[in-house]
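Not measured: the values here are computed from a predicted model. The sequence lines fix the lettering, A, B, ..., with proteins before strands; numbering per chain opens at 1.
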There are 2 protein chains.
Amino acid sequence: MFQKVLVVEDIDSIALSVVQLVESLGAHEVVVVKYCEDAWTKLKAEALQGRPFELLITDLSFEKDHRQDAITGGEALVAQVKAFDPQLAVVVYSIEDKPFRIQQLYHEHGIGGYVLKGRRSLEQLKTALLTVAAGERYYAPELQTTMRASSFVSLDGYELHLLEQLAAGYSLDEMEARFKVLGITPHSKSTIEKRLYRLRDSFNARTLMHLISLAKDQGVI
Amino acid sequence: MFQKVLVVEDIDSIALSVVQLVESLGAHEVVVVKYCEDAWTKLKAEALQGRPFELLITDLSFEKDHRQDAITGGEALVAQVKAFDPQLAVVVYSIEDKPFRIQQLYHEHGIGGYVLKGRRSLEQLKTALLTVAAGERYYAPELQTTMRASSFVSLDGYELHLLEQLAAGYSLDEMEARFKVLGITPHSKSTIEKRLYRLRDSFNARTLMHLISLAKDQGVI
DNA sequence: CTCCATTTTACGGATTTCCGCATTTGCCAA
DNA sequence: TTGGCAAATGCGGAAATCCGTAAAATGGAG
């Protein structure tokens, strides 16, 4: 098992349980932080001193408070950490069940496991940690159906941008004008129309309103 | 303080902390259940035996599993419980931060307090419990800004239905036909148009896509 | 019942989205 | 350079929405 573990979790009661679990599995050094930025600072500092963490367990969403955190959430933290050290084992422990966000964590960020907070999640977290420690990836049972159901639509930045603009209330005409100004290509109304048509198709949406609804449900926007 | 308390929470580690808090405040009998239906059964049974609970502390969202719960979530539980006994003190303890859902709990269901799970939420929960025990309502500090910002749009069932149908991908024509069949009035396309126009207006949405986006963000649909 | 206010309906033209088809552009390989 | 091909663009008619106006229906109050 991992000896040195960093836990990023802002809800105190949960953090406590996680630490107990990790220690019961034999970890000798477990550090808990409540802010993403602290996690990054800590992780980098220890690595640079030749005593790197072996495992990162992190939540995705954090309560916003007076402190302005340079890292906006769990995804950003994972991305930054993985860019710094692709080998570091990462397990995400979150309540977030939006298929898109989970898929993205596995595919884009290469996390080792994802555990959904729930009735038996501590057990699952234990299994996940053991699986990842053994060098494999962990897939929670309830995810496998969810993931299959939402046949993973992969979106590029442009398509994401289209959805965001649409959800923000811009008409196609306005998008054309804005994209032209901002230097985003392609920007012809015709192409924007076509891309949105494709998006509706891949999401199996009947209208643009439906598309926005589905995108929100899946955590795309 | 309350002597007899029912806690409804499916995440074990959180439930544990809540129980400890409630007991430290002097409660003599604290019962925890992980399913809404169990909460309802328990609450009713004890009341009918002349030993009613004095306080209900409940989460909003619960993990779905093999058991099919007749009560779909915290809101439904609160509604049912309040219909049974309007005097029962209710405090909601949840991660849910959608303004509409919180507003609805206060206005429609008459809860005594709402505490957002977060870094200092156990402290806040303590304050909330003491406040409600004193016969007052508790409003968490971070809610006050959120609530003001989203100048509470109040929606009737019809408007909700419109938004749902729209998000589900039905065109106005289709809605007219469906409403006619289902006996929902009004069902003329003209009125549907007008009502959606009004909704866009009260949400300050620029397009229907924007409207769906805002409604999703605020937890309306 | 009548009056008044509100809501529902109907209608129609302006605007926007929808969607197929034709053309142009950009890029890679031969 | 030249083909070939996919993406981007342009175009146009059909369909849907946007939004104002006006008529009809509804529902209370007096």
Is there a side-chain contact between A/Thr191 and the phosphate of D/dT9, meaning an N or O under 4.0 Å from OP1 or OP2? yes
Phosphate OP1/OP2 of D/dC19 contacted by B/Arg200 side-chain N/O (<4.0 Å): yes
Close side-chain approach of B/Trp40 to B/Glu37, heavy-atom, < 4.5 Å: no
cation_pi(A/Arg67, A/Tyr35) dist<6.0 Å, angle<=45: yes
Which whole-number value in Å describes the distance from A/Lys189 NZ to D/dC11 C1'? 11 Å
Go through the side-chain N and O atoms of B/Tyr138 and B/Thr127 and say whether any donor and acceptor fall under 3.5 Å apart. no
Provide the start and end nucleotides, 5' to 3', of the part of DNA chain C that has atoms under 4.0 Å from heavy atoms of chain A. C/dT16 to C/dC21
Counting only non-hydrogen atoms, which of residues 205-213 of chain B are less than 4.0 Å from DNA chain C? none
Consider side chain to side chain contact (heavy atoms under 4.5 Å, CB included). Of B/Leu105, B/Ile95, B/Leu77, which one does B/Leu60 pass it with? B/Leu105
Are B/Arg51 and B/Glu46 within salt-bridge range, i.e. N to O under 4.0 Å? yes
Does any N or O in the side chain of B/Ser121 come within less than 3.5 Å of the main-chain N or O of B/Gln124, such that one atom is a donor and the other an acceptor? no
Starting at CG of A/Leu130, measure out to CZ of A/Phe2 and round the result to the nearest 0.5 Å. 9.0 Å
Yes or no on side-chain contact (heavy atoms from CB on, under 4.5 Å) for A/Tyr158 and A/Phe179, after CA distance, side-chain angles and deciding distance? CA-CA 11 Å; A/Tyr158 181 73; A/Phe179 284 13; 3.8 Å; yes
